[in-house]
Amino acid sequence: MGQIVENTQTVGNTLLEVGALLMSSGASTHRTRVTLNRIANGLGYEIESLITQRAIMLTIIEEDQKYLFSRLKRISPLKPNFKMVSGISHLSWNVMEEKWSLQQINAELDRLKSLPHYPRWVLLTTVGAAGSGFCYLFGGDPLNMLVAFVATVIGLFVRQEATKLKFNPYLCVFFAAFVASFIAGLSELFGIGSQPDKAVATSVLFLVPGIPLINSVTDMIDGNIQNGLVRAINGLMIAFAIAVGLFTSRMILNF
Amino acid sequence: MLELLLKGFWSGIAAVGFAILFNVPKRTLFPIGALGAIGGLVKFGLMYFGVGIVFSSFVGATVVGIISIQMAHLKNSPPLVFSIPGVIPMVPGAFAYRMMLGLIALIQLEDSDTYIQTLIDMVNNGAKMSFILMSLAIGVSMPMLITRKESIKRSKFNKEKKVTV
């Protein structure tokens with residue numbers, strides 16, 4: 001009897017962890033709920049879940065309704081990690097099809113959590129290249145693209161450092177937008193390239209809140225209107241932080 | 001024409017940059033680049049033939065959404081891993097920037113004639129930006145909602161094992 005209670009608790013804790021990881025890695029609410037149900041069914045449990053942006057609540061229903069597990073878990077803020085989303089998707093199917101045990105699930109979760117991110121220099125250079133790509137798309141010339149590259153790299157570096165110093169996330173975006181647009185704005189001051197305003201406009205594009213905005217629409221169409229609204233407002237606040245950063249650097253440069 | 005191809009190429013680069021920012025699995029990097037390039041080609045190709053920017057963005061995003069579902073089958077990753085980095089190159093950054101500049105100008109202007117002109121420009125840029133953003137988000141999630149009556153893998157799975165979930 002004690003065994004069943006213990007099992008229910010460990011299963012519940014694992015499920016909560018899976019849900020929290022998915023939500024903070026950038027999965028939509030529907031995907032999180034479906035995945036939790038799939039894993040729970042694979043292990044032989046029925047669950048009901050309440051998933052919000054920053055907390056997740058889970059109740060496990062035993063067959064004979066004797067033992068109850070119900071617990072709330074906080075979700076850490078969004079930190080995009082599609083390796084995790086992809087890995088947990090595989091995991092849930094393994095539970096369903098290969099009948100994975102709880103130990104296997106936990107081992108796989110630990111492995112997914114320990115997977116390394118891309119090295120920092122790769123991140124900086126590719127995102128910088130993306131910045132110059134944007135600059136080309138908006139009609140900048142090669143010099144503008146170079147400026148956008150440098151501004152994006154430095155801006156991303158500032159954001160990473162600010163995140164490490166545990167500043168408020170919107171403040172991190174503000175710092176990054178300010179520094180990036182200031183550097184790109186200097187090219188306007190010194191007349192580098194034919195269309196320096198394009199470099200300024202594209203230097204902050206690496207900050208666009210793509211995941212919150214797209215997931216917001218997906219969530220709302222799925223009927224998770226509350227989560228969709230929260231994501232939309234989060235996206236708007238990030239966009240606002242970018243705008244304030246741009247605004248500040250323009251004020252200083254036009255002074 | 002060459003310019004169009006170059007735009008496709010740089011769209012792909014932008015998509016890969018965001019893919020790395022979002023820490024996607026390595027095996028999906030190349031498909032994401034190709035997807036971004038295809039989306040960019042569709043969008044800028046349509047604009048090249050005189051279609052409006054909002055509708056071109058919508059079609060481009062829809063194409064990205066449809067292909068990302070196929071990619072999800074091929075590469076065994078959820079569709080959003082492909083679709084989100086794939087549409088980001090189409091983000092209307094220039095309009096957003098111009099709207100911001102207009103807003104800043106409005107704060108400082110006194111003269112009524114230029115004020116009205118600046119206001120018109122700002123509203124125009126802002127409307128374009130928000131409609132492009134909406135068409136991107138809806139275009140990219142529509143194919144997923146239409147084909148996903150349940151889940152990508154489940155349809156296959158049910159046929160094989162007859163399990164009701």
Side-chain angles (χ1 to χ4, degrees), chain A residues 25-28 31 34 37-38 41 80-87 89-90 93 96-97 115 117-118 122-123 126-139 152 156 197-198 200-202 204-206 208 210-211 213-218 221-222 239 242-243 246-247 250-251 254, chain B residues 6-7 9-26 28 36 40 44 75-78 80-81 83-85 87-91 93-101 103-104 133-134 136-138 140-142 144-145 148 150-154 157 160-161 163 165:
Chain A
S25 302
S28 72
R31 167 169 291 278
V34 166
N37 280 330
R38 198 184 291 151
N41 290 333
N81 183 356
F82 284 174
K83 271 183 195 155
M84 184 65 86
V85 178
S86 184
S89 168
H90 278 254
W93 286 108
M96 202 78 214
E97 294 177 347
L115 279 184
H117 279 242
Y118 288 96
V122 173
L123 189 65
T126 47
V127 175
S132 50
F134 274 122
C135 190
Y136 181 81
L137 293 181
F138 293 139
T152 304
L156 183 60
D197 61 315
K198 297 282 166 32
V200 182
T202 50
V204 293
L205 281 188
F206 69 100
V208 286
I211 295 184
L213 288 181
I214 291 174
N215 270 342
S216 145
V217 174
T218 321
I221 298 180
D222 273 335
I242 300 173
L246 257 174
F247 188 87
R250 296 224 48 95
M251 281 304 200
N254 285 343
Chain B
L6 271 176
K7 277 190 173 170
F9 171 75
W10 282 108
S11 298
I13 298 283
V16 171
F18 270 88
I20 289 192
L21 195 60
F22 295 156
N23 198 26
V24 301
K26 254 195 197 112
T28 61
F44 291 108
K75 294 281 169 185
N76 277 323
S77 276
L80 92 158
V81 172
S83 60
I84 295 185
V87 290
I88 282 189
M90 299 186 224
V91 163
F95 290 115
Y97 177 66
R98 270 182 241 149
M99 188 192 79
M100 264 290 304
L101 287 191
L103 199 62
I104 298 174
L133 266 186
M134 266 192 278
L136 285 185
I138 294 173
V140 82
S141 35
M142 259 316 161
M144 236 186 289
L145 291 170
R148 182 197 73 200
E150 280 303 310
S151 159
I152 285 227
K153 212 172 169 187
R154 184 174 294 176
F157 181 59
E160 284 165 9
K161 302 210 176 170
V163 176
V165 183

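Neither the backbone nor the side chain of A:Ala239 comes within contact range of chain B; no heavy atom of the residue lies under 4.5 Å from a heavy atom of that chain. With a threshold of 4.5 angstrom between heavy atoms, A:Leu156 approaches chain B through side-chain atoms but not through N, CA, C or O. At a 4.5 Å heavy-atom cutoff, the contact between B:Val81 and chain A is made by backbone and side-chain atoms alike. No part of B:Ser83 comes within reach of chain A, as not one of its non-hydrogen atoms sits under 4.5 angstrom from that chain. With a threshold of 4.5 angstrom between heavy atoms, A:Ser89 approaches chain B through side-chain atoms but not through N, CA, C or O. For A:Asn254, no part sits under 4.5 Å from any heavy atom of chain B, backbone or side chain. Looking at A:Met84, neither its backbone nor its side chain comes within 4.5 Å of chain B, counting heavy atoms on both sides. Interface remark: A:Phe138 contributes side-chain atoms only to the contact with chain B (heavy atom separation under 4.5 Å). Neither the backbone nor the side chain of B:Phe9 comes within less than 4.5 Å of any heavy atom in chain A.
The two residues A:His90 and B:Asn76 make their nearest non-hydrogen contact at NE2-O, 2.6 Å. When all heavy atoms of B:Ser77 and A:Ser86 are compared, the closest pair comes out as OG-OG, 2.7 Å.
Your options are A:Gly87, A:Gly128, A:Ala130, and the one with the most heavy-atom pairs under 4.5 Å with chain B is A:Ala130. With respect to chain A, the highest number of heavy-atom pairs below 4.5 Å among B:Pro78, B:Ala137, B:Ser141 belongs to B:Pro78. Interface check for chain B: of the options A:Thr152, A:Val200, A:Asn215, A:Thr202, the most heavy-atom pairs under 4.5 Å are formed by A:Val200. For the options B:Ala96, B:Gly93, B:Gly40, heavy-atom pairs under 4.5 Å to chain A are most numerous at B:Gly93.
Note that CG of A:Leu137 is 10.0 Å distant from CG of B:Leu6, once rounded to the nearest 0.5 Å. To the nearest 0.5 Å, the span separating CD1 on A:Ile211 from CG on B:Leu80 amounts to 7.5 Å. With values rounded to the nearest 0.5 angstrom, A:Ile221 atom CD1 is found 4.5 Å from B:Met142 atom CE. For the atom pair B:Asn23 CG and A:Leu123 CG, the distance stands at 9.0 Å (nearest 0.5 Å). Here the SG atom belonging to A:Cys135 is positioned 10.0 Å from the CH2 atom belonging to B:Trp10, to the nearest 0.5 angstrom. With values rounded to the nearest 0.5 angstrom, B:Ile138 atom CD1 is found 11.5 Å from A:Ile214 atom CD1.
With contacts defined as side-chain heavy-atom distances shorter than 4.5 Å, the pair A:Arg250/B:Leu101 qualifies. Looking at heavy atoms from C-beta onward, B:Ile88 lies out of side-chain contact with A:Phe206 at the 4.5 angstrom threshold.
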side-chain contact (heavy atoms from CB on, under 4.5 Å) between B:Tyr97 and A:Lys198: does it pass, once the steps are laid out?
-> CA-CA 9 Å; B:Tyr97 177 66; A:Lys198 297 282 166 32; over 6 Å; no
Could you go through the side-chain contact (heavy atoms from CB on, under 4.5 Å) check for A:Val127 and B:Ile20 one step at a time?
-> CA-CA 8 Å; A:Val127 175; B:Ile20 289 192; 5.6 Å; no
Please walk me through it: do A:Phe82 and B:Ile84 pass side-chain contact (heavy atoms from CB on, under 4.5 Å)?
-> CA-CA 10 Å; A:Phe82 284 174; B:Ile84 295 185; 4.2 Å; yes
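Note: B:Phe18 and A:Phe134 have perpendicular aromatic rings, judged against thresholds of 30 and 60 degrees for the angle between ring planes.
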